[in-house]
Structure formats: structure tokens, C-alpha cells
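Every chain is numbered from 1 and lettered A, B, ... according to where its sequence line falls, protein lines coming before strand lines. Just so you know, these numbers use all the heavy atoms, side chains as well, and skip hydrogens, waters and symmetry mates.
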Amino acid sequence: MSYDSKTIEQKWQKYWEENNLFRSGEKSDKKKFYLLEMFPYPSGKLHMGHARNYAIGDTLARFLRMNDYNLLYPMGYDAFGLPAENAAIKNKINPEKWTDECINTMKEQQKKLGLSYDWNRLVVTAKPEYYKWNQWIFTKFFEKGLAFKKQAPTNFCPKDQTVLANEQVIDGKCWRCQTEVEVKDLEQWFYKITDYAEELLKDIEKLTGWPERVRIMQHNWIGKSDGLSVNFPVKNSDKNIEIFTTRPDTLFGVTFMTFAAEHPLVMELVKGTEKEKEIKDFVNKIVIQKRITRLEEKEKEGIFTGKYAINPLTGDEIPIYVGNFVLMEYGTGAIMCVPAHDQRDFEFAKKYNIPIKEVIQPFDSAQGKPLSAAFVEEGTMVNSQQFNGINSKDAIAKISVYIEEKKFGKRVIHYKLRDWLISRQRYWGTPIPIIYCEKCGTVPVPEKDLPVLLPKDVEFTGEGNPLSKSSSFVSCKCPKCNAPARRETDTMDTFVDSSWYFERYCDPKQDKLPFSKEKVSYWMPVNQYIGGIEHAVLHLLYSRFYTKALRDLGLLNYDEPFQNLLCQGMVVKDGFKMSKSKGNVVSVDDMIDKYGADTARLFILFASPPERDLEWSDEGVLGCYRFVNKIWNLVQGIQQLKIKKPVLNLSKDEKLSATEPFADPPNTSGGKNLERIRNLTIKKVTIDIQKEFHFNTAIASIMEFYNELTAKQSSVDYETFKISLETLIILLSPFAPHICEEMWQVLGHNESIIKQNWPKWDEEKLKQNEVTIAVQINGKLRGQIDVNIGLSEQEIMEFVKSNEKIHKYIINKKIIKTIYVPQKILNIVVGG
RNA sequence: GCCGGGAUGGCGGAAUUGGUAGACGCAAGGGACUUAAAAUCCCUCGCUCUGUAUGGAGCAUGCCGGUUCAAGUCCGGCUCCCGGCACCA
């Protein structure tokens with residue numbers, strides 16, 4: 001006799017839609033709240049991870065509405081991307097068609113989950129009305145020099161004949177076909193995110209509503225290093241080698257230098273020497289091997305170039321090597337090496353018998369002992385001329401100043417953050433709005449010609465970029481001189497699309513600009529963003545960059561897009577993340593079919609707090625289903641009886657055995673107690689949702705409330721019972737909205753439960769006359785006594801003494817002291 | 001290696017500022033109802049020892065130590081697990 005979830009859920013989904021209950025208005029006197037979930041990639045079907053993300057969001061959304069916020073709660077689709085194109089290649093279906101079908105499926109599923117989005121604000125990034133503004137922003141960035149083209153090494157999959165994003169390269173292999181990725185130099189478009197490195201770093205401080213780990217990840221990703229750039233002249237040459245170091249205090253200890261294999265100076269220096277061939281072979285070997293096996297390659301390897309550099313501080317001649325452990329991408333691609341104080345240099349020096357010169361000694365120095373490893377800590381300067389004797393930490397600044405004075409180098413800052421490569425040699429993305437003209441050069445497409453539409457006359461063969469084979473797309477006229485010209489065929493990384501979609505939601509139909517400043521100013525920033533941790537750096541960093549860049553274009557007036565961030569955990573089953581290959585996937589559709597959306601949502605939220613991984617349990621789902629049914633039956637029973645009698649034992653299908661009558665007259669102690677618990681539950685549920693999104697404990701206390709409500713021994717008056725039951729249903733409604741709507745109606749209400757105000761609790765009613773005090777002897781629990789709330793410590797002591805069970809522990813013992821925590825604990829410390 | 005996070009019954013998880021560890025749910029066992037099963041309802045349920053009229057004692061929050069009347073919570077030292085970064089000079 002379980003309830004008919006399907007009929008009820010469809011009924012109310014239809015009702016909500018027809019009555020436009022989730023439309024978000026524009027400005028209003030209410031306090032605004034912008035609640036956002038990371039929009040999905042329309043891959044075809046919702047998985048449990050999605051369901052979890054949306055269950056969290058929707059519960060919060062419904063809670064906020066009932067608390068009278070002016071809520072913006074939109075949904076959209078991150079619709080460009082590789083899978084659509086792959087489907088096109090495989091099934092000879094147009095990516096747009098495929099994507100639209102996927103969107104429709106997912107939207108249906110989302111509606112079946114009862115999610116309360118304002119569908120009027122739907123944003124689909126693959127639609128021209130959206131990507132037009134992607135292109136428009138690109139041209140603005142181009143004008144400001146924030147979008148630029150340069151030759152760069154890219155990850156190229158030889159099998160799929162395409163460039164891949166960094167994130168699509170897993171352990172050096174293509175994510176689709178596991179082919180080892182090659183490095184290919186190509187002309188690529190970049191966004192100059194590095195211009196904002198400092199601000200992106202500094203403003204992490206402002207993100208107090210973000211999880212600490214995400215902030216740290218971004219911090220490390222940006223990777224700021226303060227240091228010194230120093231020029232080392234090459235002996236018998238007019239060349240200088242520029243290095244970067246964060247350890248100026250070790251400059252006197254430099255005993256060799258090492259180049260990255262790709263460094264342009266390497267071949268220049270050895271040109272014409274007898275070493276040339278040997279070095280060339282070594283360099284080639286490293287360059288080829290590097291990308292692929294860099295992860296495993298820990299063994300230091302190098303080769304002497306036969307050349308020497310001069311340490312500007314000491315005049316020492318130091319040998320120059322090429323090594324496999326130096327990165328071309330960071331710093332200057334050449335390093336000074338101090339084996340005594342850097343472990344990598346130490347290993348290298350040991351291997352190639354290079355001298356090791358100590359310039360910092362431990363404070364508790366054991367002199368003369370040969371080093372067994374590099375000493376990397378703070379210490380006292382030695383062998384460093386005028387800097388001897390001072391603390392190495394102080395030496396960093398002093399030597400830096402000295403180097404600058406002598407013009408050997410200057411202080412610089414380096415970041416690990418690189419510019420954002422946005423070019424993709426792919427069809428299914430936003431075309432980069434650029435035209436190449438022989439006379440005028442690189443010309444952005446003027447606003448009146450936007451959007452540059454994706455052509456339809458293309459074939460998906462899986463080889464190369466279909467756009468470059470579409471002559472109608474490629475050939476065009478120069479917007480400046482009208483001469484025949486060539487159109488850029490690269491499209492944009494999909495992360496570009498997702499870097500400002502949340503601003504588009506504020507003004508989704510705008511056709512003069514990406515969004516109006518006014519609307520964005522009202523709704524932004526996003527008050528609560530919810531999504532997976534996998535975007536900790538990528539999407540969340542790009543969006544921050546976009547916000548700052550758009551601000552500098554005058555399009556908006558705030559610095560950070562997301563005020564609070566909640567990263568939900570994964571959904572796992574049998575210890576693994578749900579995946580097809582593991583065969584542990586639980587289908588969202590099946591859950592809805594079998595138990596209904598309300599139960600599915602309830603379980604997802606009940607099983608664990610949102611930030612933790614959720615272990616799926618079929619039995620656990622059943623438990624929630626039972627709970628929903630129990631309340632349902634209670635409400636049905638109340639109505640069927642139509643008399644003031646409780647329905648406490650539903651022992652058989654229709655046989656309702658009302659064991660005890662409601663108390664009469666009202667306001668018995670049972671009623672008072674229930675009223676207290678009702679208030680307690682309101683408080684607990686409200687705070688749990690608001691504070692930490694602890695939906696699991698909120699649901700637990702609703703269950704407790706139910707247990708109390710149906711407890712046999714308590715006899716309450718009808719009114720109190722009804723108010724309690726109604727409160728329970730309201731409290732449950734954000735979690736399980738459909739069945740609560742239905743029950744609300746069954747109990748005789750005409751207006752949707754969504755329109756109800758969230759109940760308030762009365763602190764006065766939480767108070768009680770009696771309280772249980774735990775009595776401890778020497779910190780050990782020895783008994784409990786129920787006392788009147790007003791009793792003093794003295795009076796409680798009397799109680800204790802009259803309580804035989806407890807008294808026996810203190811009899812004949814000396815009471816050293818007592819600690820009384822009012823209304824909680826009395827701890828008696830005894831001696832002897 | 002570095003940086004985060006975590007470890008509580010058979011399981012998922014609760015525990016205000018240090019104040020009765022194990023809420024709530026699942027599983028398990030027993031019982032009621034039933035021709036039977038399912039469903040539902042009731043009872044038990046951290047471990048060990050002990051006792052049997054009711055009970056009592058000890059041990060328990062990864063490990064070792066400390067602070068405190070009192071520690072899952074604070075401090076010091078470990079172990080293991082998960083995540084991120086990884087030759088960043």
C-alpha cells in the first residue's frame with residue numbers, strides 16, 4: 001500500500017508549470033538571492049552526480065522562496081564540445097541535432113525530479129544568440145590585446161588528427177583513443193589571463209565563502225614566486241645567460257648552470273664546436289622523450305656543453321650543462337645550480353662530479369662534515385664575502401639589492417599560471433571571429449557581421465577540422481578593404497562559453513549586449529554556487545578572470561563572480577565512483593520510476609552531508625521510501641477518520657486502529673511537550689539548512705519529529721496534533737516537494753505549499769520545567785537525575801545525596817570539589 | 001616530496017563554545033498480524049566480563065603521550081586512507 005508517486009508528481013509538476021510558480025521577477029523589495037548550479041554538459045542523460053547537485057540546489061531554492069527571497073534560480077546547458085562532434089562522426093548526425101536531443105532528454109529528467117528552475121531564462125551556449133556575444137567579447141578582448149595569437153606547442157593526437165586541451169590529455173595519452181599525444185607547434189589564440197595573475201591571486205582573500213581547499217588549489221595554480229633575475233656572462237662570448245632564482249642567498253654557491261634542452265641559446269653556443277653533434281643528439285632525445293615520460297622520468301641526466309659562464313659576484317668560471325630536469329616553460333629556461341643547497345642540483349653534481357660549495361651553514365653547524373644531501377633550510381652565510389655571518393634569510397634581500405646596484409640583474413616575479421590557449425581545431429564550438437586579409441592582416445569581424453555562424457554544409461569525417469574544408473565558411477571578404485580574405489577556422493574552448501553564462505542568466509534575452517549592466521548589477525554576484533570539485537581551478541579560475549576582464553571593459557562593476565561556493569562530493573557505490581565501466585551505475589530514471597523523485601531526493605540528501613562523498617545504498621533508498629509512505633498514510637488516515645482521533649497504528653491496509661483518543665480538554669502536558677518539540681524541530685531544520693547545508697541532520701530531525709508525533713504514549717489534543725503535522729509537512733516540502741503539496745491539499749489547503757511562509761520558532765516554547773542532569777563522579781557517569789529547572793547547585797547536591805545509586809560512590813569519601821554545568825552536568829570530584 | 005582533507009558500531013552517519021559518544025536511517029535478531037509471503041507494527045541492538053527480581057563492572061571515537069574536574073573535540077608525536085600539485089629553480 002504504497003502511494004502513487006507517479007500520478008502525484010506529474011500532477012504537481014504540471015501545476016507548478018502552469019501557474020508559473022518559479023518565474024523570477026526582476027527587482028523587488030525583497031532581498032535578492034542568486035542561486036546557481038554548474039550547468040551540465042548535455043551528454044545525453046542525467047547521472048546521479050547531477051541529481052545530487054540539483055537536489056541540493058533545489059531544496060535550498062525552495063527553502064529560500066519560503067523565506068521570502070527574490071530568487072534567481074536558472075538552468076542552462078554547456079552545449080558545445082567534443083562528444084557532440086564525436087557523435088556526429090560516428091552516427092552521421094548533425095552535432096546540433098544530437099545536442100538538442102540530449103538537452104531535451106535532460107530537461108525532461110530535470111523536470112521529473114521536480115526542480116524549480118525558471119526555464120524562461122534558459123541559456124544554451126551553442127545557440128547563435130549566445131555565442132554571438134562570445135564572439136563580441138572576443139573582439140573586445142582583441143582590441144585590448146587580451147586576445148592574441150602566437151606560435152605554441154600543443155597536444156596533438158595523431159590518431160584523431162586533432163589538437164587536444166590539456167585537460168583532455170591523461171597521463172600523456174588521448175582521452176578518447178589512448179594514443180600517446182605528440183607535441184606540435186601551431187599558431188594558436190590565447191587569452192592573456194597572466195595579465196590578471198596578481199589580482200586573481202590577491203582576491204582569493206576575498207573568497208571567504210569558498211572551501212579552503214579550492215582557494216589553496218587556485219593559489220598554487222597561479223604559483224607566484226618572488227625572485228631575482230641574474231645575467232651570467234658567457235666566457236669568451238658577448239652572450240649572457242639570464243636565470244631566475246628565488247634563492248639569491250645561494251648565489252655564491254653556484255658551481256654550474258643548466259639549460260633546458262629547448263633553450264635557443266644551447267645550439268647557438270655550441271655551434272661549430274666539436275661538441276655540436278653530441279649535444280644536438282642529446283637535446284633531440286630529451287625533447288622527444290620529455291612530454292611523454294616526464295612524469296616518470298626522475299633520474300637526472302645532462303651533458304656538458306664545453307662552455308663556461310662567469311658568476312658575476314665571484315668571477316668564478318662555471319661549467320654550462322644541458323639537463324633533462326630544467327623546464328623551458330618556467331622562468332627563463334636556464335638555471336643557476338647550487339648543489340649544496342638544492343637537492344636536484346645536489347644529485348646532478350654527485351652524478352657528474354661537479355664541486356659542491358657550501359654557502360649556508362646550519363645554526364648548530366657541524367663543520368667539515370661532507371653533505372649527504374642538500375641543506376635547504378635557513379642558516380648562517382659562509383663563503384659569501386661581505387655577506388658572511390648574517391642570517392641567510394636576511395641575505396636574500398641584501399644580495400638582491402646588491403645585484404640590482406651592480407646591475408647584474410633585477411628583482412622579478414614569476415607565475416606558474418600560463419596564458420589560456422583557447423583555440424580548438426574543432427567544428428562544434430564558437431567560431432573565432434577573425435578574418436585574415438593579405439593587405440590588412442588580422443582583422444576582427446565587426447559587430448554588425450556577428451555572429452559568425454557555424455556553416456551547415458560540412459562533413460564529419462573525423463579527419464581534421466571540418467570548418468577548414470567548408471569553402472563557403474573560409475572564403476570571405478576583408479571587412480576593411482573588401483578584398484578576398486580567409487576566415488579563421490579555429491573555434492573556442494568550451495571553457496570560454498562557461499566563463500560568463502551566469503551573467504547571461506541575469507538578462508537572457510538581451511540582444512544589444514551580452515547582458516545589461518543594470519540587471520547584472522542587481523543579481524550578481526552569485527550568492528551560492530554549487531558544483532563539483534573538478535572545476536576547482538579551470539572553470540572557477542577562468543570565470544574569475546572573465547569577470548575582471550569584463551569589469552575593465554566597463555561591462556560590469558564587481559570583482560568576483562561567486563560569493564559562496566559549495567563543492568559537493570561524488571556519488572559512489574561499492575567504493576567506486578559510479579561509472580559504466582565499473583558497472584555500478586544507478587539510473588536516475590529507474591529511481592524516479594520505482595520510488596518517485598521525492599524519495600530519490602530525500603535519500604540523496606539524507607545519506608551524507610553534501611560536501612562528502614555519498615555512498616549509494618539501495619536499502620537506504622528503501623528506508624526513505626518507507627518514511628515518505630508513513631507520513632502519507634498518517635495524513636490519509638487523519639482524513640479518513642474525519643474525527644478527532646489519532647491514527648497511530650496502521651497495522652493493516654485499511655484497518656486504522658486508533659488506540660487512544662486525543663486528549664480533551666486541550667493543552668495537556670503531552671500537547672505542551674509536542675509543541676516544544678515542534679519548535680525545536682523548526683529551529684534545528686532551519687539552522688541546519690541555512691548554516692552548513694546539513695540536509696542530512698535536518699531530515700533526521702524531521703524523522704524524529706514524526707516519531708514523536710506518532711508516539712503511542714503521548715496523548716495530545718487535536719489542534720496541537722494538526723499544527724504539528726502541518727509544520728512537519730512544510731518543513732519537509734523543500735526536500736520532497738510533490739508529496740508535500742499533495743498532503744497539504746489533502747489537509748484542506750487550497751494554496752500551494754510553495755506560497756507558505758517558512759515557520760518560525762518561539763524560543764519561549766523551547767524552555768522546559770524539568771531537566772535531566774548527568775551526575776559524574778571523578779568524570780565518570782554514575783547516574784542521571786531529573787530536577788526542576790530552577791534548582792541551585794546546592795539543591796541538586798541534596799538530590800544526589802538522597803539518590804542511593806549515586807550516593808554510594810561518594811559515601812565515606814572526601815568531596816574535593818564539584819563542577820556544575822547548569823542544566824547539564826554535575827561532576828563530583830572525590831578523593832581517598 | 002609538498003599542500004589540503006579525513007579516520008567514530010556490521011554499514012551511512014550524529015554529537016552546541018571541551019560537558020551523558022553512537023541522534024536519525026540501514027542491516028541484523030526476536031515477536032505480533034497472516035493459511036503463507038510481502039507490507040506494516042512492537043521489542044533488542046558498540047564491545048567484553050558478570051548477574052539474573054530490577055541490574056552491575058570495565059573497555060571503547062586510527063595509534064602513543066599530554067593538558068583538564070571532564071577530551072571524538074584542545075596540544076605534541078606517529079600510522080593509514082583520499083584528493084590536488086608535482087623536477088616551478
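- A:Tyr352 and A:Tyr321 have tilted rings, their planes meeting at an angle from 30° to 60° on a 0 to 90° scale.
- Pairing of B:rA7, defined by two Watson-Crick or G-U wobble distances under 3.5 Å, is identified with B:rU79.
- B:rG84 and B:rC75 have their P atoms separated by 28 Å, with the value rounded to a whole Å.
- B:rG18 and B:rU61: their C1' atoms are spaced 15 Å apart (whole Å).
- Closest non-hydrogen pair, A:Cys337 versus A:Asp345, comes out as CA-OD2, 3.2 Å.
- Classified by interplanar angle (parallel below 30°, tilted 30° to 60°, perpendicular above 60°), the ring pair A:Trp632/A:Tyr3 is tilted.
- Within the nucleic acid shown, A:Gln776 comes within 4.0 Å of at least one base atom, counting heavy atoms only.
- Rounded to the nearest Å, the gap between the P atom of B:rA86 and that of B:rU79 is 26 Å.
- Of the candidate nucleotides B:rA14, B:rA89, B:rG84, B:rA89 has the atom lying nearest to any side-chain atom of A:Ile335.
- Using a 4.0 Å heavy-atom criterion, one finds that A:Ile819 contacts the bases of the nucleic acid, with or without backbone contacts as well.
- Taking the P atom of each, B:rC80 and B:rG31 are spaced 47 Å apart, rounded to whole Å.
- For the C1' atoms, the distance linking B:rU34 with B:rC49 amounts to 42 Å, nearest Å.
- An OP1 or OP2 oxygen of B:rG25 is reached within less than 4.0 angstrom by a side-chain nitrogen or oxygen of A:Asn707.
- Figure legend. B:rG18 is base-paired to no nucleotide; pairs are counted as Watson-Crick or G-U wobble with both atom distances under 3.5 Å.
- Among the heavy atoms of the strands lying under 4.0 Å from A:Asp613 are primed sugar atoms or P, OP1, OP2 only; no base atom is included.
- Distance noted for atom P between B:rA70 and B:rA14: 29 Å (whole Å).
- Of the listed nucleotides (B:rG13, B:rA23, B:rC85), B:rC85 has the atom at the smallest distance from the side chain of A:Trp221.
- Spacing of P atoms, B:rA71 relative to B:rU67, comes out at 12 Å, to the nearest Å.
- When distances are taken from the side chain of A:Arg213 to each of B:rG4, B:rA14, B:rA89, the shortest belongs to B:rG4.
- Checking B:rA89, B:rA23, B:rU20 against every side-chain atom of A:Ile825, the shortest atom distance belongs to B:rU20.
- Checking B:rU48 for Watson-Crick or G-U wobble geometry (two distances, each under 3.5 Å) identifies B:rA57 as its partner.
- Each of A:Thr250, A:Thr245, A:Asp249 was checked for a side chain to side chain donor-acceptor pair (under 3.5 Å) with A:Arg247, and the lone residue meeting it is A:Asp249.
- Contact annotation: A:Arg612 side-chain N/O to B:rC82 OP1/OP2 distance is not under 4.0 Å.
- Checking B:rC69, B:rC41, B:rU20 against the side-chain heavy atoms of A:Lys630 singles out B:rC41 as nearest.
- We find that CD1 of A:Ile631 is positioned 11 Å from P of B:rG25, with the value rounded to whole Å.
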| message | Applying side chain to side chain donor-acceptor pair (under 3.5 Å) to A:Thr772 and A:Gln784, what does each step give before you reach the verdict? | response | CA-CA 6 Å; A:Thr772 305; A:Gln784 295 172 352; 5.9 Å; no
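- Base pairing analysis places B:rC85 opposite B:rG1; the two distances defining the Watson-Crick or G-U wobble pair are each below 3.5 Å.
- B:rC26 atom C1' lies 15 Å from atom CG of A:Asp574, rounded to whole Å.
- When each of A:Glu212 and A:Glu704 is assigned the nucleotide of RNA chain B bearing its nearest heavy atom, the one mapping closer to the 5' terminus is A:Glu212.
- B:rG83 atom P lies 14 Å from atom CD of A:Glu534, rounded to whole Å.
- Between the C1' atom of B:rC87 and the CZ atom of A:Phe244 lies a distance of 16 Å, rounded to the nearest Å.
- The CD atom of A:Glu615 sits 15 Å away from the C1' atom of B:rG25 (whole-angstrom rounding).
- The shortest distance between the side-chain N/O atoms of A:Arg782 and the OP1/OP2 oxygens of B:rA70 is not below 4.0 Å.
- Taking atom CZ of residue A:Phe606 and atom C1' of nucleotide B:rC11, one finds them 13 Å apart after rounding to whole Å.
- In this structure, the nucleotide among B:rG25, B:rU20, B:rA89 sitting nearest to the side chain of A:Met703 is B:rG25.
- Between A:Asn220 and B:rG84, a side-chain N or O to OP1/OP2 separation shorter than 4.0 Å is absent.
- Among the protein residues, A:Gly331 comes within range of no part of the nucleic acid, since none of its heavy atoms lies under 4.0 Å from any strand.
- You'll find that the side chain of A:Ala607 is closest to B:rG12, out of B:rA89, B:rG12, B:rA14.
- With a 3.5 Å ceiling on both atom-pair distances, the Watson-Crick or G-U wobble partner of B:rU40 is B:rA32.
- In terms of polar N and O atoms assigned as donor or acceptor, the side chain of A:Lys416 never comes within less than 3.5 Å of the base of B:rC85 in a complementary pairing.
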Verdict with reasoning, A:Lys285 to A:Glu301, per salt bridge (Lys or Arg N to Asp or Glu O under 4.0 Å):
CA-CA 11 Å; A:Lys285 188 184 112 189; A:Glu301 227 183 302; 2.8 Å; yes
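- For A:Lys780, no side-chain nitrogen or oxygen approaches OP1 or OP2 of B:rA60 to under 4.0 Å.
- Under a 3.5 Å cut-off, the side chain of A:His341 and the backbone N or O of A:Val376 do not form any donor-acceptor pair.
- Nucleotide B:rA70 is matched to nothing when pairs are restricted to Watson-Crick or G-U wobble geometry with both distances under 3.5 angstrom.
- Counting any heavy atom pair closer than 4.0 Å across all strands shown, A:Thr772 reaches a base atom.
- In this structure, B:rG51 is classed as anti because its glycosidic torsion departs from zero by more than 90°.
- For the P atom pair drawn from B:rC42 and B:rG25, the interatomic distance equals 11 Å after rounding to whole Å.
- The interatomic distance linking A:Arg626 (CZ) with B:rC26 (C1') rounds to 8 Å, in whole Å.
- With B:rC69, B:rC87, B:rU20 as the candidates, the nucleotide lying closest to the side chain of A:Val829 is B:rC69.
- The residue A:Val821 sits close to a base: some heavy atom pair falls under 4.0 Å.
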For this session: Applying salt bridge (Lys or Arg N to Asp or Glu O under 4.0 Å), run through A:Glu212 and A:Arg215 and close with a yes or a no.
Result: CA-CA 5 Å; A:Glu212 187 63 16; A:Arg215 299 170 66 194; 3.4 Å; yes
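- Ring orientation note: the planes of A:His263 and A:Phe259 are tilted relative to one another, at an angle of 30° to 60°.
- Closest approach to the A:Lys817 side chain among B:rC69, B:rU20, B:rA89 is made by B:rC69 (side chain taken as heavy atoms from C-beta onward).
- Comparing A:Gly223 and A:Gly623 against RNA chain B, the residue whose closest nucleotide sits nearer the 5' end is A:Gly623.
- Between A:Asp342 atom CG and B:rC87 atom C1' the separation is 9 Å, expressed in whole Å.
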